[in-house]
**Q** 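I have a structure here, written as structure tokens, and I will follow up with some questions on it.
In what follows, residues are counted from 1 in the order of the sequence shown.
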Amino acid sequence: MKINLPELDKKRVVVIGGGFAGIALVKKLAGKNYQVVLIDRNNYHQFQPLFYQVAMAGLEPSSIVFPLRKLFRKKENTFIRMTEVERIDPEKRQLHTTLGVVNYDYLVLATGAETNFFGNAQIADKAIPMKSVSEALYLRNHILADYEKSLSIEDYEERQSYLDIVVVGGGPTGVEVAGSLAEMKKYILPKDYPELNIEEVDIFLIQGNKDLLHGMSEKASEKALEFLTNLGVKILLEKRVTAYDGKRVTLNDGTTIPAKKVIWAAGITGKSPEGLSTECKGPGGRILVDRYSKVQGHDNIYAIGDIALMKEEAYPDGHPQLAQAAMQQGKNLAENFIRLDKGKALVPFTYRDLGSMATIGRNRAVVDLPNIKFQGTFAWFVWLFVHLFSLLGVKNKVFVFLNWLWGYSTYDQSLRLIIRPKLNKVDIPSEENAPVL
Ligand SMILES: Cc1cc2nc3c(=O)[nH]c(=O)nc-3n(C[C@H](O)[C@H](O)[C@H](O)COP(=O)(O)OP(=O)(O)OC[C@H]3O[C@@H](n4cnc5c(N)ncnc54)[C@H](O)[C@@H]3O)c2cc1C
């Protein structure tokens, strides 16, 4: 069965994925001489850098997602379909989705990445990833429900397992989550749960490398370590999690930590629909592309964003899997589609590094810009500003700003609600419609 789409007298560009890369591309192509079909398993774009604030009950999920239909409301050549793409048939230039088949003239893969559990099925089953807003909400419910339960547990060991949280991965996500949890322990728990002995609450951060924020500057790593240590986070460097059965985390040196919650921020791996040749599969599940984002060994198929591995002289292992790289690739590919239509020469992609940053609680952040690196309060304001202005939608910007202002001045939020959706009776073609908790 074919998905119902108007047959226009224009070449059809089908884009899989309404993330940073896909949106940047479709925005530029909207209104141009192509029919653009944007496919995503969700009907919204997710702002992943702020997932952790949803998980920590600092922001409502609706503040960091944006409806795709609203984004392209007035673009007549742009069509949106919410469905999961399962397979590509490059020979027939067709996509097989849960809604049916879609034909394409050009296909763009902007499918991003998923959590990497490094093949450990037990950890994949028990640990909590944070790669979607639903997972962030699940985590929020889990944390709050466990604090509630801990109040009625008399046994110290058992209570510990409900209170302690283990964060795995000392990159920006792990560092930001650990910092937020430590602040929740310091500012929120004593007010919300006065019966709890907060000394019993431990936040562990486990990092495989010898430093945090590996890949950022030495100063940023040192400062992140200092900030988190001052917040009381127990940091274990050069340690790996080898097993987790839902109750106890085991490390490679044999140490065990009782914890009912393990937040997995230890890495990502690319995932694309089946059907592509093996010749284009690169390391880390990424798809090998040339400097024009064209997939190796395939005509008319392109890949951008986290899923793509494009080698540049300065980036022999591919670009960093960051929002900026994804957006810049999306824009460049859209401009090349426009040039192609006009018979102009295509322009190869060159990545412009705008720097990286991470925040570690209020008034503390680290910022590495190409020519300058700084840490502390000013860095924190820069972090706030950059993230606020990167959010899609004026309403989202205003709501997030007000939330931050409120949180900053009161040291409190009123979003600590455990809301569990009832069983979903709507047949949504999404892997994310499972009941929360
Ligand atoms: C917790 C977290 C924090 C982060 N913080 C930062 C940060 O501070 N700064 C920064 O620059 N980067 C950050 N990143 C990385 C950044 O979010 C990614 O680099 C960026 O999202 C990549 O964009 P993308 O378009 O390639 O993929 P994504 O944004 O992941 O979008 C992929 C889209 O494809 C859809 N999709 C995938 N497969 C299918 C399919 N088969 N069928 C239909 N739809 C599909 C998904 O639903 C999704 O909408 C963070 C990531 C995470 C997880």
Side-chain angles (χ1 to χ4, degrees), residues 47-56 58-59 64 130 165 167-188 202-239 263 265-267 314-315 319-325 351-391 397 400-401 403-405 407-409 411 413:
F47 191 78
Q48 300 184 22
L50 292 180
F51 280 168
Y52 84 96
Q53 294 210 0
V54 170
M56 301 304 133
L59 288 175
I64 62 153
M130 222 180 24
I165 303 180
V167 182
V168 186
T173 302
V175 162
E176 291 180 350
V177 169
S180 279
L181 285 168
E183 290 210 318
M184 196 191 256
K185 170 183 166 181
K186 191 169 166 188
Y187 300 116
I188 307 290
D202 286 316
I203 317 295
F204 294 90
L205 176 62
I206 300 177
Q207 161 75 324
N209 289 312
K210 62 178 180 5
D211 48 11
L212 297 176
L213 300 178
H214 198 70
M216 288 186 73
S217 64
E218 210 175 297
K219 190 79 189 156
S221 306
E222 281 170 20
K223 275 289 175 187
L225 188 74
E226 180 193 314
F227 289 153
L228 284 175
T229 308
N230 290 344
L231 279 169
V233 175
K234 297 190 171 170
I235 302 163
L236 305 178
L237 297 174
E238 294 187 87
K239 295 277 183 285
I263 303 171
Y315 301 94
H319 300 117
Q321 286 164 295
L322 292 174
Q324 260 306 323
Y351 178 54
R352 199 157 69 90
D353 181 12
L354 297 181
S356 46
M357 53 186 77
T359 177
I360 307 116
R362 62 167 48 216
N363 294 330
R364 297 180 205 93
V366 293
V367 174
D368 283 359
L369 298 181
N371 298 319
I372 179 169
K373 299 172 186 12
F374 47 97
Q375 306 83 29
T377 308
F378 180 64
W380 186 68
F381 279 109
V382 171
W383 183 94
L384 290 180
F385 182 82
V386 167
H387 284 76
L388 196 63
F389 281 88
S390 306
L391 270 170
K397 286 186 176 67
V400 168
F401 177 69
N403 254 291
W404 283 349
L405 202 63
Y408 189 75
S409 43
Y411 284 80
Q413 282 296 6

**Q** If you count every heavy atom of other residues, nucleotides or ligands that lies below 6.0 Å from Lys397 atom NZ, does the total exceed 12?
**A**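 Count over threshold, so yes.
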**Q** Could you measure the distance from the CG atom of Leu369 to the CE atom of Met357? Nearest 0.5 Å is fine.
**A** 6.0 Å
**Q** Contact between Thr173 and Tyr52 at the side-chain level, heavy atoms closer than 4.5 Å - yes or no?
**A**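 No, side chains not in contact.
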**Q** Under the ring pair (Phe, Tyr, Trp, His ring centres under 6.0 Å) test against Tyr408, which residue among Phe401, Phe381, Trp380 passes?
**A**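 Only match with Tyr408 under ring pair (Phe, Tyr, Trp, His ring centres under 6.0 Å): Trp380.
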**Q** How long is the span from the CG atom in Leu181 to the NZ atom in Lys186, to the nearest 0.5 Å?
**A**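 The CG atom of Leu181 sits 14.5 Å away from the NZ atom of Lys186.
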**Q** So, for Leu212 and Ala224, which heavy atoms are closest and what is the spacing to 0.1 Å?
**A**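 Scanning both residues completely, I find the closest heavy atoms to be CD1-C, 4.1 Å.
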**Q** If you look at every heavy atom in Leu205 and Gly170, which pair is closest and at what distance?
**A**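 Heavy-atom minimum between the residues: CD1-CA, 4.4 Å.
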**Q** Nearest heavy-atom pair of Met130 and Ala55: which atoms, and what distance?
**A**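 What the structure gives for the nearest pair is SD-CB, 3.9 Å.
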**Q** Drop me the distance from Leu228's CG to Ile203's CD1, to the nearest 0.5 angstrom.
**A**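 Here the rounded value is 10.5 Å.
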**Q** Show me the pairs that pass salt bridge (charged side-chain N to carboxylate O under 4.0 Å, His left out) and involve residues 354-377, at least two apart or across chains.
**A**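 Listed once each, the pairs are Glu183-Arg364.
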**Q** Within a strict 4.5 Å, meaning less than it, do heavy atoms of the Gln375 and Val366 side chains meet?
**A** yes
**Q** Considering all heavy atoms of both residues, which atom of Ala365 and which atom of Ala379 are nearest to each other, and what is their separation?
**A**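 That closest heavy-atom pairing would be O-CB, 3.3 Å.
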**Q** Do you know the tightest heavy-atom contact between Ala325 and Pro320?
**A**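 What the structure gives for the nearest pair is CB-O, 3.4 Å.
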**Q** Once side-chain hydrogen bond (donor to acceptor under 3.5 Å, both in side chains) is applied, do any residues pair with Asn209, and if so which ones, sequence neighbours excluded?
**A**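 Counting only residues at least two positions away or on another chain, Asn209 forms no side-chain hydrogen bond (donor to acceptor under 3.5 Å, both in side chains).
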**Q** Go through the steps to decide whether Ile235 and Thr229 satisfy the test side chain to side chain contact (heavy atoms under 4.5 Å, CB included), and finish with yes or no.
**A** CA-CA 7 Å; Ile235 302 163; Thr229 308; 3.7 Å; yes
**Q** Between atom CG of Asn403 and atom CG of Leu59, what is the distance when rounded to the nearest 0.5 Å?
**A**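 Here the interatomic distance stands at 5.0 Å.
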**Q** Can you find a pair of side-chain heavy atoms, one from Leu225 and one from Phe227, that are under 4.5 Å apart?
**A** no
**Q** Donor-acceptor pairs under 3.5 angstrom involving side-chain atoms of residues 383-391: please list them, not counting sequence neighbours.
**A**
from   : atom 1 : to     : atom 2 : distance (Å)
His387 : ND1    : Trp383 : O      : 2.9
Ser390 : OG     : Val386 : O      : 2.6

**Q** Side chains of Glu176 and Ile360: closer than 4.5 Å at any heavy-atom pair?
**A**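 No, side chains not in contact.
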**Q** Indicate the atoms forming the closest heavy-atom contact of Ala265 with Gly174, along with that distance.
**A** CB-N, 4.0 Å
**Q** Mind checking the CZ-CG spacing from Phe204 to Asp202? Nearest 0.5 Å is all I need.
**A**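 It is 4.5 Å, given to the nearest 0.5 Å.
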**Q** For the atom pair OG (Ser217) and CD1 (Ile372), what is the distance rounded to the nearest 0.5 Å?
**A** 11.5 Å
**Q** Look only at the side chain of Gln207 and the backbone of Asp211, and say whether a donor-acceptor pair between them is shorter than 3.5 Å.
**A** yes
